[in-house]
Amino acid sequence: MTRPKVSIVVSTHNRAESYLPDCLMSIVKQSFDKFEIIVVDDASTDNTKEVVGGFNDERIRYVQRTVNYGSDTRPKNEGAALAKGKYLMFVDDDV
């Protein structure tokens, strides 16, 4: 993949069966496609990893935390540090 224009960071915790699939689908289906999605899983205990992997999209990177921070600030910062795009945006998983 070439350098993405936009890096989109999505932090999530135990939303695999509710909001996360719709969130990722809404991003993936955009007409603009020069982006990467960095999903930072804040130590979920559900099947978040499988849901993200089910998209089978090379633009999606999955990062799994082993400790839950209790807020989305640190996971968002971690995702931002991994971003490769020229621009950075954050999308909440319950949008």
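Bear in mind that the values here come from a model prediction, so they are computed numbers and not experimental data. Numbering of residues begins at 1 and proceeds along the displayed sequence.
Leu24 and Phe32 end up in the same hydrophobic cluster when Ile, Leu, Val, Met, Phe, Trp and Tyr side chains are linked at under 4.5 Å. Under the 4.5 Å side-chain heavy-atom criterion for grouping Ile, Leu, Val, Met, Phe, Trp and Tyr, Val91 is connected to Ile37 within one hydrophobic cluster. Note on Val52: it clusters hydrophobically with Ile27, by side-chain heavy-atom contacts below 4.5 Å among ILVMFWY residues. Under the 4.5 Å side-chain heavy-atom criterion for Ile, Leu, Val, Met, Phe, Trp and Tyr, Val63 and Ile8 are members of distinct hydrophobic clusters. Tyr19 and Val40 fall into different hydrophobic clusters, where Ile, Leu, Val, Met, Phe, Trp and Tyr are joined by side-chain heavy atoms under 4.5 Å apart, directly or via other members.
The two residues Val28 and Phe35 have their closest heavy-atom pair at CA-CZ, 4.0 Å. Closest of all the heavy-atom pairs between Pro21 and Val51 is CG-CG1, 3.8 Å. Between Cys23 and Ser26, the closest heavy-atom pair is O-OG, 2.7 Å. When all heavy atoms of Glu36 and Lys84 are compared, the closest pair comes out as OE2-N, 2.7 Å.
Screening Asp46, Asn68, Thr45 for a side-chain hydrogen bond (donor to acceptor under 3.5 Å, both in side chains) involving His13 leaves a single residue, Asn68. In summary, of the residues considered (Val39, Val10, Ile38), a side chain to side chain contact (heavy atoms under 4.5 Å, CB included) with Ile60 occurs for Val39 alone.
In this structure the side chain of Asp42 never reaches within 4.5 angstrom of the side chain of Asp72, judged on heavy atoms. At a threshold of 4.5 Å between non-hydrogen side-chain atoms, the residues Gln64 and Thr48 do not count as touching. Taking the side chain as every heavy atom from C-beta outward, Arg65 and Glu78 approach each other to under 4.5 Å.
We find the CG-OG distance between Asp41 and Ser11 to be 10.0 Å, quoted to the nearest 0.5 Å. Interatomic distance, Glu50 CD to Tyr62 OH, rounded to the nearest 0.5 Å: 7.5 Å. The line from CG of Asp94 to OG of Ser18 is 8.5 Å long, rounded to the nearest 0.5 Å.
We find that Arg15 and Asp22 are not joined by a salt bridge, their nearest charged nitrogen and carboxylate oxygen being 4.0 Å or further apart.
Between the Asp57 side chain and the Arg59 main chain, a donor and an acceptor come within less than 3.5 Å of each other.
A 6.0 Å sphere centred on OH of Tyr87 holds no more than 12 heavy atoms belonging to other residues, nucleotides or ligands.
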